[in-house]
There are 2 protein chains.
Amino acid sequence: MKVLIVEDDPLHRSYLHEAVCAALPECDTVIEAENGTAGERLARDHKSAHIVMDLQMASRNGIEAARTIWKERPETRILFWSNYSDEAYVRGVSRIVPDGAAYGYVLKSASDERLKLALRSIFVESQCVIDREVRGLQQKSLGQTNGFTDSEYEILVDIALGLTDRAIARRRNLSLRSVQNRLQQLYDKLDVYQTAGDDHEDGRFNLRARAVTVALLRKLLNYSALERAETELQEWLESGR
Amino acid sequence: MKVLIVEDDPLHRSYLHEAVCAALPECDTVIEAENGTAGERLARDHKSAHIVMDLQMASRNGIEAARTIWKERPETRILFWSNYSDEAYVRGVSRIVPDGAAYGYVLKSASDERLKLALRSIFVESQCVIDREVRGLQQKSLGQTNGFTDSEYEILVDIALGLTDRAIARRRNLSLRSVQNRLQQLYDKLDVYQTAGDDHEDGRFNLRARAVTVALLRKLLNYSALERAETELQEWLESGR
DNA sequence: TCCGATGTTGCGGGTTCACGCAAGACGCGG
DNA sequence: CCGCGTCTTGCGTGAACCCGCAACATCGGA
């Protein structure tokens, strides 16, 4: 068995290397990449079927890399190993995993034991292993309760990018008013109307901008999600008119 | 000599521990804290004069912790050890360092050698050591050229928080129009007017929201800066009315 | 002292936003 | 087939925003 490790922090990389060797005696080769771009290339060259992938890397982040890798070989098994369990990451990952693919999501704070178990489950048993904490988010967000619909999430991203109502309407093929409707839903769910509702009507927020920060603070959005959205936007601007 | 390490990643913590022992033979005690809160407490209990501090930690980040530590003992020497050189961090740090205090800023990507040198310079020689890359940012941002004034930065934070023009005016004791002036300066510098100026006048941006994302993408802002700003805002809302 | 550079404020108007109201459009179980 | 909920759309209003124009302050030199 061959395992590819994609991780930009050298410390974590060598830790992973050890963990992989310890957990998988049947593994005879370990390859390392220190960013997403190199990861993609090595995965292609070695036809890797087993990958441990960091999210958030400088040059090309784990989600991007995983997407192109899975596009070429949907049967590849990928274990995501991340510092955070931001909803933005979780959503990003579950958006790109191919049907029936085996993958895992383990937090860096997990114990050695947890990590080794996950490695074996995914790479040997082809089972999905999702950290409990992450799993919680998934349920909440994909199930309706208390979570955000895709359409709400979509419009959140759009205003975060700084698009105008009209621009969003064109991009999403909606009428101006529908866009504004969705915005209100969003404002509702994000609970942007606060200032605790008390006293002076003054000191209000700019709902649009406020929504974005609240989303950021709640980790519905994060840097890498913004980054991805931004490049998508640029593509749309150029091609789609 | 006693050294306090504040860092939430166990791997990095033990790496630092080793590095400190290797670089500073005169160091007889190393204490470790795994978040900002614990770091503050230990610094107080041990009257620590030498601290290595991670930025971005889950519970209470390095800047917060450093601020309260320096408030109690301005002569404390702190070496910041961070993954990133975001302008937001650099600005955050240089905003809180007391006059004449010795401090350092080293990136995690630096070599062992660099780190050890920095440790010795700061803790033994009381010299400031700032990573070259970080230094560049500092110059650019504190010197006028191409950088952002404090007032511009301030208003950037305010719109990022989602404050309305009027609210900003009250908070900063300015007239409505002045606020809008500063906003325009900001829009200018952030180059928000683009869409490359070409073709259709349509497809414009919401300048306010766009400014925030552009700032985020350029790392003028980041999560922890937002977080700090948000708590400051809440304080202001409660007390200052 | 006067002058120009920079920063603050008021006024006015064109645009975009936020949102209530109401008319359709679609889907779904009865 | 009808009724009901959810989603979409149009219209209209009041507020907030973007910004050009112009009158003061301020402050550091010449």
Side-chain angles (χ1 to χ4, degrees), chain A residues 143-195 197 200-215, chain B residues 143-195 197 200-215:
Chain A
Q144 299 9 17
T145 4
N146 191 5
F148 289 72
T149 7
D150 280 348
S151 62
E152 284 157 356
Y153 185 75
E154 208 175 51
I155 210 167
L156 169 61
V157 172
D158 284 341
I159 62 171
L161 287 174
L163 291 176
T164 182
D165 287 11
R166 199 187 324 285
I168 302 178
R170 261 215 313 288
R171 180 134 118 108
R172 305 299 184 190
N173 285 321
L174 289 174
S175 76
L176 216 172
R177 194 61 232 293
S178 297
V179 171
Q180 298 176 323
N181 269 337
R182 279 157 138 86
L183 277 176
Q184 279 174 247
Q185 282 173 250
L186 186 69
Y187 297 154
D188 259 4
K189 290 213 184 166
L190 284 177
D191 196 24
V192 169
Y193 297 98
Q194 31 100 266
T195 319
H200 314 293
E201 20 63 73
D202 227 0
R204 197 103 114 281
F205 283 114
N206 174 325
L207 298 181
R208 176 171 283 245
R210 184 66 182 164
V212 175
T213 19
V214 169
Chain B
Q144 298 15 14
T145 3
N146 191 2
F148 290 72
T149 5
D150 280 347
S151 62
E152 283 157 356
Y153 185 75
E154 207 174 52
I155 210 166
L156 169 62
V157 171
D158 284 341
I159 61 170
L161 286 173
L163 291 176
T164 186
D165 286 12
R166 200 187 324 286
I168 301 178
R170 262 215 313 289
R171 180 136 119 106
R172 306 300 184 190
N173 286 321
L174 288 175
S175 76
L176 217 174
R177 192 53 177 85
S178 296
V179 171
Q180 298 177 323
N181 269 338
R182 279 156 135 88
L183 277 177
Q184 277 174 247
Q185 283 174 248
L186 186 68
Y187 296 153
D188 258 5
K189 290 213 184 169
L190 284 177
D191 196 25
V192 169
Y193 298 98
Q194 31 99 267
T195 319
H200 313 292
E201 21 64 71
D202 228 1
R204 197 103 111 279
F205 284 114
N206 175 327
L207 299 180
R208 177 171 283 245
R210 185 66 183 164
V212 176
T213 19
V214 169

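Letters go in sequence order (proteins before strands), and every chain restarts at 1.
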For [X] versus [Y], what's the shortest heavy-atom pair and its separation?
X	Y	value
A:Val179	A:Ile155	O-CD1, 3.4 Å
B:Gly162	A:Ala209	CA-CB, 3.8 Å
B:Arg182	B:Ser151	NH2-CB, 3.2 Å
B:Phe205	B:Arg210	CD2-CD, 3.7 Å

Can you check whether B:Thr164 has a side-chain N or O nearer than 4.0 Å to OP1 or OP2 of D:dC17? yes
Phosphate OP1/OP2 of D:dG20: any B:Gln184 side-chain N/O under 4.0 Å: yes
Spacing of [X] atom [atom1] and [Y] atom [atom2] [to the nearest 0.5 Å]:
X	Y	atom1	atom2	result
A:Tyr187	A:Gln180	OH	CD	9.0 Å
A:Leu174	A:Ile168	CG	CD1	9.5 Å
B:Leu207	B:Tyr193	CG	OH	6.0 Å
B:Leu156	B:Leu183	CG	CG	9.5 Å
A:Arg171	A:Asp158	CZ	CG	5.0 Å

How long is the line joining [atom1] of [X] and [atom2] of [N], in whole Å?
X	N	atom1	atom2	answer
A:Arg166	D:dT9	CZ	C1'	15 Å
A:Asn206	D:dA15	CG	C1'	12 Å
B:Phe205	D:dC17	CZ	C1'	18 Å
B:Arg210	D:dC17	CZ	C1'	18 Å
B:Tyr187	D:dC19	OH	P	7 Å
A:Tyr193	D:dA15	OH	P	17 Å
A:Asp150	D:dT6	CG	C1'	17 Å
A:Glu152	D:dT6	CD	C1'	13 Å

Stretch residues 153-162 of chain B: residues that reach within less than 4.0 Å of DNA chain D through a heavy atom: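 By residue number: none to list.
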Here the residues of residues 173-183 of chain B within 4.0 Å heavy-atom distance, strictly under, of DNA chain C are B:Leu174, B:Ser175, B:Arg177, B:Ser178, B:Asn181, B:Arg182
